[in-house]
Amino acid sequence: MKVTTKKLSDTKVELTVTLDKAELEASEKVALERLAKEVRVQGFRDGKVPMSVAKKHINEQQLIETTLDHAVRVSVPRAFHESGRQAIVIPEVSVTKYVPNDMAEYTATAEVLPEVKLADYKHLKAKYEDVKVAKKDIDEVIEQVREAYSETKVVKRAAKEGDDVTIDFEGTKDGKKFDGGAAKDYKLRLGSHQFIPGFEEGCVGHEAGDRFDIPVTFPKDYHNADLAGAKANFNVLIKQVNELTKPELDDKFAKKCGPFKTIDELRKDIEKNLASQNKVKTDNIYKDALIAEIVKGSKVAAPEIMVKDQLKMMKNDLIANLRSQGLTFEEALQTRGMTEEDWEKETSPVAADHVKASLCLQLIARDEKIEAEEELVDAKLAELREIYKKSKEAIESLKNPQVRMDIKNRLTIDKTLNWLVETNRKSSK
């Protein structure tokens, strides 16, 4: 087999493959064996007709076509392997010459993994910004915990910020009601910013029994396109005002919060948890900076098919996130005044960067011999089986070897990122 490679782009090649007589003879033998099984000859059992007899009963054109089909199919993977390029889609094959029992020539065109020239990934310039826990951060958490342990009591006075109020409300736009604009016995903490700007402020100063109007303007980026930027009116009835009394910040309060004897122990525990959270955040920021620097400094192209796959994954993730907010993909696009084509155009560069990063990280993992241990893969699969234990279909899909391979690849990428963090933090000291 002779293979010549023509580079069509950084991510696409065309191979010209020439097969010789010996290779065609080998494929003809396979074709004969396959076609012989379908031959019916009186005096012989089905599938037991001798090759010499079967050949006389096989259509010559069918044998020629089957031979060529087999010769091409078995040689295409070998041809790409010999060219040193890895096809990421099924190649498009076009036969250009074929002389039965003598030679065949064809072209195979496919998108391939690009050749990557990596940047020096062991001495990157990105800086690790170690975020310290500030006193105000601890104070904020303490206040949140105090609020959680607050006692409430009904008061007969005007509502103020920090109070819990029970209200009925009904919204109208141009005198007409709109979906989601009304509720009864709704509990609202004033100052929590649950509602659009102006609503909670409009409740302050009113007491139980007061009915009043609050004119508002919806934010321009409001998720409902019909209301985005629109003026509306809410008719509100305050039915009850509750005052919150926070517990004293003392050792007694600390004991309520957990296995703490003093308020100082509680503060130290909060500081420890915040420090752990900060480390995760700063590690992720640092990882993003390292990846961006590697991609920028490397010579790497993003194959179109991989960008499309990445876009599809990003869209599915976005749809899932929007669903949790009670929105559809189409509604989110309407809010931004975009079409799906606009979204794809805007998001494609991000998807391409993801693909480039993945290709670089895979190469780094290979060069540094980084691989996720099988025990970690087993643990992840066990975790997924527990999460999806109520879904027979999901449990069955986890048995697929490809799923295991995908999980191992993701864990390997995570391990590679952690290796990059440690390597570059050491080299920057």
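Any value given below was found using the heavy atoms of this structure, including those in side chains, with hydrogens, waters and symmetry copies removed.
When side chains are defined from C-beta on, V116 counts as touching L118, because their heavy atoms get closer than 4.5 Å. Within the 4.5 Å cutoff, the side chain of P303 has no heavy atoms near those of the V112 side chain. Side-chain contact check for I395 versus R385: some heavy-atom pair is nearer than 4.5 Å. The side-chain heavy atoms of K399 and R404, taken from C-beta on, include no pair separated by under 4.5 Å. Side-chain atoms of L311 and W343, non-hydrogen and from C-beta on, do get closer than 4.5 Å to each other. In this structure, the side chains of K135 and D139 come closer than 4.5 Å at one or more pairs of heavy atoms. Here the side chains of L359 and L113 are in contact, with some heavy-atom distance below 4.5 Å. Side-chain contact between P100 and T67: absent, with no pair of heavy atoms (C-beta onward) separated by less than 4.5 Å.
Here the shortest heavy-atom pairing between V76 and V93 reads CG2-CG2, 4.1 Å. The two residues V99 and L24 make their nearest non-hydrogen contact at O-CD1, 4.0 Å. In terms of heavy-atom proximity, T328 sits nearest to L322 at O-CD1, 3.9 Å. Of all heavy-atom pairs spanning I142 and L249, the tightest one is CG2-CD1, 3.3 Å. Closest non-hydrogen pair, W419 versus K122, comes out as CH2-CE, 3.9 Å. Taking every heavy atom of both residues into account, D20 and M1 meet most closely at OD2-N, 4.3 Å.
Heavy-atom contacts from other residues, nucleotides or ligands closer than 6.0 Å to NZ of K12 number 12 or fewer. More than 12 heavy atoms of other shown residues, nucleotides or ligands fall within 6.0 angstrom of atom CG in N400. Annotation for E140: atom CD counts as buried by contact number, over 12 foreign heavy atoms lying within 6.0 Å. Within 6.0 Å of the CZ atom in F253, the count of heavy atoms belonging to other residues, nucleotides or ligands exceeds 12. Heavy atoms of other residues, nucleotides or ligands lying less than 6.0 angstrom from CD1 of I387 number more than 12. Other residues, nucleotides and ligands contribute only 12 or fewer heavy atoms inside 6.0 Å of the CD atom of Q86. In this structure, M405 places its CE atom where only 12 or fewer heavy-atom neighbours from other residues, nucleotides or ligands lie under 6.0 Å away. In the displayed structure, Q325 atom CD is contacted under 6.0 Å by more than 12 heavy atoms of other residues, nucleotides or ligands.
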(request) Could you go through the salt bridge (charged side-chain N to carboxylate O under 4.0 Å, His left out) check for E143 and K246 one step at a time? (result) CA-CA 9 Å; E143 285 307 302; K246 296 179 183 178; 2.9 Å; yes
(request) Walk me through it: do K173 and D226 pass the test salt bridge (charged side-chain N to carboxylate O under 4.0 Å, His left out)? (result) CA-CA 10 Å; K173 174 192 169 187; D226 291 334; 6.0 Å; no
(message) For a side chain to side chain donor-acceptor pair (under 3.5 Å) check, start with the C-alpha distance between Q402 and D406, then their side-chain angles and the critical distance, and finish with the verdict.
(response) CA-CA 6 Å; Q402 185 59 48; D406 289 342; 3.1 Å; yes
(request) Using the side chain to side chain contact (heavy atoms under 4.5 Å, CB included) rule, take Q362 and I413 through it: C-alpha gap first, then chi angles, then the decisive distance, then the call. (result) CA-CA 7 Å; Q362 288 177 47; I413 292 297; 4.2 Å; yes
(request) Start with the C-alpha distance between Y121 and D367, add both sets of side-chain angles, then the distance that settles side chain to side chain contact (heavy atoms under 4.5 Å, CB included), and finish with yes or no. (result) CA-CA 11 Å; Y121 53 83; D367 290 350; 4.0 Å; yes
(request) For the pair E368 and K415, evaluate side chain to side chain contact (heavy atoms under 4.5 Å, CB included) and give the outcome as yes or no after the intermediate values. (result) CA-CA 11 Å; E368 299 298 332; K415 189 173 180 180; over 6 Å; no
(request) Please lay out, stage by stage, how E115 and R85 fare under the test salt bridge (charged side-chain N to carboxylate O under 4.0 Å, His left out). (result) CA-CA 8 Å; E115 295 176 343; R85 308 308 293 268; 3.8 Å; yes
(request) Report the C-alpha separation of S192 and Q194 in whole Å, then their side-chain angles, then the decisive distance to 0.1 Å, and conclude whether the side chain to side chain donor-acceptor pair (under 3.5 Å) test is met. (result) CA-CA 6 Å; S192 64; Q194 292 181 44; 3.2 Å; yes
(request) Output, in order, the C-alpha distance, side-chain angles, deciding distance and verdict of salt bridge (charged side-chain N to carboxylate O under 4.0 Å, His left out) for K268 and D264. (result) CA-CA 6 Å; K268 286 180 179 178; D264 188 52; 3.5 Å; yes
(message) Applying side chain to side chain donor-acceptor pair (under 3.5 Å) to E105 and T96, what does each step give before you reach the verdict?
(response) CA-CA 6 Å; E105 181 183 276; T96 52; 3.0 Å; yes
(request) Show your working on side chain to side chain contact (heavy atoms under 4.5 Å, CB included) between F195 and Y186 and close with a plain yes or no. (result) CA-CA 12 Å; F195 277 48; Y186 190 91; 3.5 Å; yes
(message) As a quick check of understanding, evaluate side chain to side chain donor-acceptor pair (under 3.5 Å) for N424 and K125, giving each step before the final call.
(response) CA-CA 8 Å; N424 283 281; K125 296 179 180 178; over 6 Å; no
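To the nearest 0.5 Å, atoms CG (L363) and OG (S358) are separated by 11.0 Å. The line from CD of E293 to CG of D288 is 13.0 Å long, rounded to the nearest 0.5 Å. Of the inter-residue distances, the one linking I370 atom CD1 with D414 atom CG reads 11.5 Å to the nearest 0.5 angstrom. With rounding to the nearest 0.5 angstrom, the CG atom of D317 is 12.5 Å from the NZ atom of K315. Atom CG of L381 sits about 10.0 Å away from atom CD of E374, to the nearest 0.5 Å. With values rounded to the nearest 0.5 angstrom, L417 atom CG is found 6.0 Å from L420 atom CG.
Side chains of T339 and D342: a donor on one and an acceptor on the other come within 3.5 Å. Using modelled atom types and a 3.5 Å distance limit, the side chains of E65 and Q61 yield a donor-acceptor pair.
Every residue was checked against the ring pair (Phe, Tyr, Trp, His ring centres under 6.0 Å) condition with F80, not counting sequence neighbours, and none meets it. Judged as a ring pair (Phe, Tyr, Trp, His ring centres under 6.0 Å), and not counting sequence neighbours, Y106 has no contacts.
Salt-bridge check for K345 with E341: failed, with every basic side-chain N at 4.0 Å or more from each acidic carboxylate O. Here E344 does not pair with K312 in a salt bridge; the nearest charged N to carboxylate O distance is not below 4.0 Å.
For the side chain to side chain contact (heavy atoms under 4.5 Å, CB included) with R189, the qualifying choice from L244, N242, V165 is L244, the only one to do so.
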Atom pairs and distances, side-chain donor-acceptor, residues 270-279, under 3.5 Å, sequence neighbours left out:
residue: N273; atom: ND2; partner: D269; partner atom: O; Å: 3.3
residue: N273; atom: ND2; partner: D269; partner atom: OD2; Å: 3.4
residue: K279; atom: NZ; partner: D283; partner atom: OD2; Å: 2.8

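Between F234 and F218, the ring-plane angle classifies as tilted under the 30° and 60° cut-offs.
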